[in-house]
Amino acid sequence: MLFNSYFFIYVFLPVVLIVFFRFNNHLSKYWLIAASVFFYAYGNISYVCLFICSIVFNYSFSCLLLFIKRHNRSPFIRQLTLVCGISSNLLVLGYFKYTNFIINNINYAFHTMYQCQSIVLPLAISFYTFQQIAYLIDMSKAPDRPQSFNQYCLFVSFFPQLIAGPIVRYHDTFHQFSKEQFTMFNSFNVSVGMTLFIIGLFKKVVLADSIGIYTTQIFEAAKTAKTIFFIESWCAALGYSFQLYFDFSGYSDMAIGLGRMFNIILPLNFYSPYRSLCMIDFWKRWHISLSLFFRDYLYIPMGGNRKGLFRKNVHLMITMLFVGLWHGAGWTFVIWGGLHGLYLIINHVWRFISNHYITSKWFKITSFNRFLSFTTTFCAIITAWVIFRSDTIAVAQKILSGMFAFNGMNLSPGFLFNLSMNYVSKMSIFLQSAVPHTNKMIFFWIALLSFIIWLCPNTYEFLRQYHPSLHIESIDIKNQRLQWQPTFFWAFILSTMLLICIMLISSPTEFLYFNF
Amino acid sequence: MTDSVKGFLTTYRNYIFLFFLIHMVSIIIISCLSFVILFVEKVHPYQKLYAYQIAKLQNDLSSIDLIFIGDSSLGNALNVNLFNSLSRFKALNLSLTGSYGFAGNYNLLKKVIKKNSHIKKIIIVQTIDMMAREISYLGYLYTIEFISDFTELSFKDKKKLIETCMNSFFSIDHLSRYISHHSKMDQTKIEKDYIKQNSPITVDTHQTPLRIRINKEKSKFLKKIVHLCHQHHIRLIYMHGPYLDILDKQSMKDIALINKHIQETGIDLIPGIPFMSKQKIGDKIDHVHPDYKNEMTLRIYQMLEEHDKKFECIPSQDILRTKSEPKISTCAIIMKTKHYTFFKKIKK
């Protein structure tokens, strides 16, 4: 089920909320689990069994791990059990996500003719598998008593975060599920949750989907067109970067808002990533829950930064390659991950050199240096997004050669600049011929979204007084004039925003991250 | 609970109440407006076309033998008067648009059969990529007339139709259409039996060849059409609409798959496509330029004749005369077409 559908907004959510608060006892939890399974099954029931089996399997394994720990069996047995649990999860994920990718590569490398399987990727498999792997690892380390099965089911299946995160860790939410207030109606939480949800919905439906139409046209045209021109390729790259950010951060805001309506505070997932001044900063702001997962369960166990600069960089590269592969079974994703690995290595080496060897005043923090850092980082990010978005490496090549002016900086051949025309007509022709494969409206959307990204407060700055998400304390939030308050003015603004969304979701589109 | 906390919570309760009140009022206003636009004023260009085609059914249909149904590729390609003079059929062109899909055509056909159960032949003409499109529940919604049109659907289709109805009801498109309609910006005109075309497009040299991924569910309403015709002993022929000649090897494979998929419904299919060159296309690559409408009508007639040799002898009232007359040769048809065009020019 999509958050941006009438059925969800007007039927599913109100019914689930009303019944949940009406029960106001242990039945509320069962109701929420049932509603979450229905939410998952709606539209495609075929993978519900896999989802339920995965929950039962992982819960059993976590109990086994705790049993082994309690009875002081040898660490080897505990490690072996943990490895079995993790491998089983990864095997299932690998089968559904990577089988055809592996077959295609074998065919290509060894000139074999193995048939690709017709495998449909089960919805949210990457998210719930990782969430449960994290749970198993935490259970093997922490001296906790086993959680009840219904608590575990709720932790995995809780519908706001089920499909596309944030990837929740058990210590983030378990204590919240067991609080007495969890099932009690709290108008404060519902108000804050509603606000977060509407802002997220607006980001997705109005901002991301609107620019998405134009960027898709250019990326589609790149499949067949001979060349993509300079301005057009920059429009495609910028447009897609904005689309992806508003789409996914919109989803995360909605998920966090929905969680809040049910008195659950979910972790922060995005914090203005395009304002980053370096790549290290970017990964602290983009898909935070995934970055933390890979940091804690892959990068640090490999040795992290404890084994010298060289090994640290190797660990970084391996981690980022896996991050790329997690996003999808394709070489474009692997290259994207590798590129980000490279960016991070350069960033760490640069930081090391500047901390240890450079004392020149030129490298002190000044406005100009900040601007330079910001521009370099942003350009690096959007270059990588082009590879991430492209269906094939050839498409990425076409757009990147356009961006780096390998095809020259000229406009399209259809460009006619008639001197007899007035300024508006000239401008109109100029803009349209700059983007022959899409509509000139893309310029308007890029300008508007740039303004929102760099000059407006983000969702968490806007709601900073109300503790909108977990881990927000660690961020130094700047004082913003624009602040949400429970007043008539904001009720009017938000209901208008919701109305605009309602009028635009006549053909709901999927979230980009549903594919991963 | 202290008084300050109680007061605090009351504020948030008030906020939630206020928020829902404003939202409900605005939703009610939008709903009323949408109702007027959709069901009273009917300002959508496609609704205008549908009303125009439905008006033809109000006339006496007893002399009609043949009905053409389909999308805009047919509407722009067929001159029904010329076709009648070529074939000596009494045909009626009820082409809608691609947005109506097979679902809309199915409802239209039910109306036609209800009005005249003596129809012997129906020809569906749809553009080649029709089988790749989504099922047009909107087309079904626009053409619904009786409650039975809704109840006959499966549970899944009913659900989809309700969703479509809601999507369509709150869509911002209606408001913009309503405004353009009342500010006289709406240029939709019916001309030569169909919606007037916009200026012709220019096709660049890198025009993308056709790539089609068949939507296997799409034939659902086509099967219903086949079943309906079978029930009423009506001969049904499917043919592809005109299309720009840009197909490559892969496209031909795709078309072969489409044909196979259509034939699986049990329909009698004419597998060829009446291609047209770049110079002859109108405002879309499957719309014939109005200047070449007669030429395309002739092509359609020829394809039908080649496919079905008895094509000319079917009209019941002409049966005796047809037997006595020799079959018209293609050459004679061309002459007849030229004569027709010439005649029209003189008339102008």
Side-chain angles (χ1 to χ4, degrees), chain A residues 2 4-11 14 17 42-43 184-195 197-198 205-206 210 220-227 261 412-414 436-437 466 484-508, chain B residues 1 5-31 33-34 37-38 99 134 136-138 141 156 159-160 162-177 202 204-211 246 248 250-251:
Chain A
L2 293 169
N4 54 332
S5 64
Y6 294 122
F7 184 73
F8 180 82
I9 296 169
Y10 287 127
V11 182
L17 271 173
Y42 186 84
M184 281 163 66
F185 175 76
N186 182 326
S187 55
F188 168 69
N189 282 340
V190 172
S191 308
V192 174
M194 256 167 37
T195 308
F197 181 78
I198 292 166
V205 175
V206 181
S210 300
E220 286 300 312
K223 287 180 191 168
T224 49
K226 264 187 180 171
T227 18
M261 288 186 210
S412 76
H437 294 109
Y466 306 92
W484 174 80
Q485 277 169 343
T487 56
F488 175 79
F489 174 74
W490 285 111
F492 179 75
I493 295 288
L494 284 161
S495 59
T496 309
M497 278 167 75
L498 181 60
L499 188 71
I500 293 170
C501 295
I502 294 299
M503 291 169 78
L504 283 173
I505 53 176
S506 51
S507 49
Chain B
M1 207 181 272
V5 174
K6 270 184 188 170
F8 181 69
L9 287 178
T10 316
T11 313
Y12 285 101
R13 271 177 197 268
N14 288 345
Y15 172 79
I16 294 169
F17 174 75
L18 201 63
F19 172 84
F20 281 111
L21 187 74
I22 299 170
H23 186 65
M24 288 324 289
V25 169
S26 43
I27 283 289
I28 290 166
I29 294 170
I30 292 290
S31 304
L33 211 57
S34 287
I37 295 166
L38 267 177
S99 307
E134 292 291 314
S136 177
Y137 289 99
L138 195 65
L141 186 73
K156 196 180 164 191
K159 195 183 113 201
K160 285 269 185 189
I162 292 168
E163 271 175 21
T164 310
C165 186
M166 277 192 78
N167 291 346
S168 157
F169 214 65
F170 293 122
S171 171
I172 202 159
D173 295 348
H174 297 316
L175 289 181
S176 55
R177 264 193 210 109
T202 23
D204 66 17
T205 44
H206 306 300
Q207 178 65 42
T208 321
L210 194 65
R211 289 285 176 269
I246 46 160
D248 57 0
Q250 182 58 42
S251 315

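Chain letters run A, B, ... following the sequence lines, proteins first, then strands; residues in each count from 1.
- Chain A forms more heavy-atom pairs under 4.5 Å with one residue of B/I30, B/T164, B/I16 than with any other, namely B/I16.
- Between atom OG of residue B/S99 and atom CD of residue B/E134 there is a gap of 13.0 Å, rounded to the nearest 0.5 Å.
- For chain B, the nearby part of A/Q485 is the backbone; its heavy atoms alone come within less than 4.5 Å.
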Is there a side chain to side chain contact (heavy atoms under 4.5 Å, CB included) between B/L141 and B/Y137? Walk through the geometry before answering. CA-CA 6 Å; B/L141 186 73; B/Y137 289 99; over 6 Å; no

Side chain to side chain contact (heavy atoms under 4.5 Å, CB included) evaluation trace for A/V190 with B/Y12: CA-CA 9 Å; A/V190 172; B/Y12 285 101; over 6 Å; no

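- Between A/L498 and B/F19 the shortest side-chain heavy-atom distance falls below 4.5 Å.
- Not counting sequence neighbours, the partners of A/S210 by the side-chain contact (heavy atoms from CB on, under 4.5 Å) test are A/W445.
- Proximity to chain B is limited to the side chain of A/Y10, based on heavy atoms less than 4.5 angstrom apart.
- Residue contact with chain B, scored on non-hydrogen atoms closer than 4.5 Å, involves the backbone of A/T487 exclusively.
- Proximity to chain A is absent for every atom of B/I162, based on heavy atoms less than 4.5 angstrom apart.
- At a 4.5 Å heavy-atom cutoff, A/F7 makes no contact with chain B through either its backbone or its side chain.
- Proximity to chain B (any heavy atom under 4.5 Å) is shown, for A/I493, by neither the backbone nor the side chain.
- Ring centroid separation for the pair A/W484 and B/Y15 comes in under the 6.0 Å cut-off.
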